[in-house]
J.: 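Let me begin by handing over the structure; questions about it come next.
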Amino acid sequence: MPLTEKRERNMYIDVSGKQITAARALLGWTMQDLADSAGVSLTSIKRFENGIGDSRTEVREAICETIQKAGIELSEGGVKPRISNFTFF
C-alpha cells in the first residue's frame, strides 16, 4: 500500500468519541441516525462514543467519513461545521 494511501486510511485514528458526540449534536442526529448513515451497528456507535475498546479501522472510517460528508469537519481535538455545507437556524 503506498504511503499516501496509508496516511489517508489512518487519518481518523486520533478522533475521539467526544468529537463524534459533538458532531452528532451539530447535525441533530441520534446515535441510530449515525449508525444507519454510516452502515454500522448502533452498538459500534455507542462503544466508540463511550471509549469502550478500540473501534475497528473500517468502523471508525465509516463513522468519520459519514460525519464529514454531512458537513462537519473533524480536526485535532475538535469539530466544526464546514460553512459551505451547513445551515444555521
Side-chain angles (χ1 to χ4, degrees):
M1 178 181 305
L3 185 57
T4 53
E5 189 176 326
K6 243 184 189 176
R7 271 194 210 121
E8 286 175 19
R9 290 186 54 81
N10 293 326
M11 67 186 273
Y12 301 123
I13 297 236
D14 294 329
V15 173
S16 72
K18 289 181 181 182
Q19 285 175 278
I20 300 305
T21 302
R24 277 193 314 99
L26 284 171
L27 292 167
W29 287 2
T30 64
M31 285 183 174
Q32 187 65 61
D33 293 333
L34 178 54
D36 292 344
S37 293
V40 301
S41 70
L42 178 59
T43 301
S44 292
I45 302 294
K46 288 179 180 179
R47 291 179 62 82
F48 189 177
E49 287 192 12
N50 291 314
I52 301 170
D54 253 348
S55 290
R56 289 187 337 258
T57 302
E58 303 83 29
V59 170
R60 184 176 294 267
E61 286 175 0
I63 292 168
C64 293
E65 287 172 5
T66 298
I67 287 171
Q68 297 224 64
K69 285 178 186 172
I72 302 297
E73 185 176 316
L74 298 167
S75 59
E76 189 175 325
V79 298
K80 66 180 181 180
R82 281 195 308 264
I83 303 303
S84 62
N85 292 357
F86 204 83
T87 304
F88 293 95
F89 293 97

J.: Which pair of heavy atoms, one from Ala62 and one from Val40, lies closest together, and at what distance?
T.: CB-CG1, 4.1 Å
J.: Check side chain to side chain contact (heavy atoms under 4.5 Å, CB included) between Lys80 and all other residues, then give those that pass, not counting sequence neighbours.
T.: Glu73
J.: Arg82 side chain to Gln68 main-chain N or O, any donor-acceptor pair under 3.5 Å?
T.: yes
J.: Would the distance check show the side chain of Glu61 and the main-chain N or O of Glu58 forming a donor-acceptor pair, the cut-off being under 3.5 Å?
T.: no
J.: Checking Ile20 against Leu34 for the side chain to side chain contact (heavy atoms under 4.5 Å, CB included) test, could you report, in this order, the C-alpha distance in whole Å, the side-chain angles of both residues, the deciding distance, and whether it holds?
T.: CA-CA 10 Å; Ile20 300 305; Leu34 178 54; 3.7 Å; yes
J.: Has the side chain of Gln19 got a donor or acceptor atom that lies under 3.5 Å from a matching backbone atom of Gly78?
T.: yes
J.: For Ala23 versus Ile72, what's the shortest heavy-atom pair and its separation?
T.: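 Heavy atoms of Ala23 and Ile72 come nearest at CB-CG2, 3.8 Å.
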J.: Where is the tightest heavy-atom contact between Leu26 and Pro81, given as atom of each residue plus distance?
T.: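 Result for this residue pair: CD1-CD, 4.1 Å.
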J.: Any side-chain heavy atom of Ile45 within less than 4.5 Å of one from Trp29?
T.: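 They are not in side-chain contact.
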J.: Are any side-chain N or O atoms of Arg24 and backbone N or O atoms of Asp33, one a donor and one an acceptor, separated by less than 3.5 Å?
T.: no
J.: Between Thr43 and Lys46, is there a side-chain heavy-atom distance shorter than 4.5 Å?
T.: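 They are not in contact (no side-chain heavy atoms under 4.5 Å apart), so the answer is no.
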J.: Residues two or more places apart in sequence or in another chain: which of them pass side chain to side chain contact (heavy atoms under 4.5 Å, CB included) with Asp36?
T.: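 Side chain to side chain contact (heavy atoms under 4.5 Å, CB included) check on Asp36 returns Gln32.
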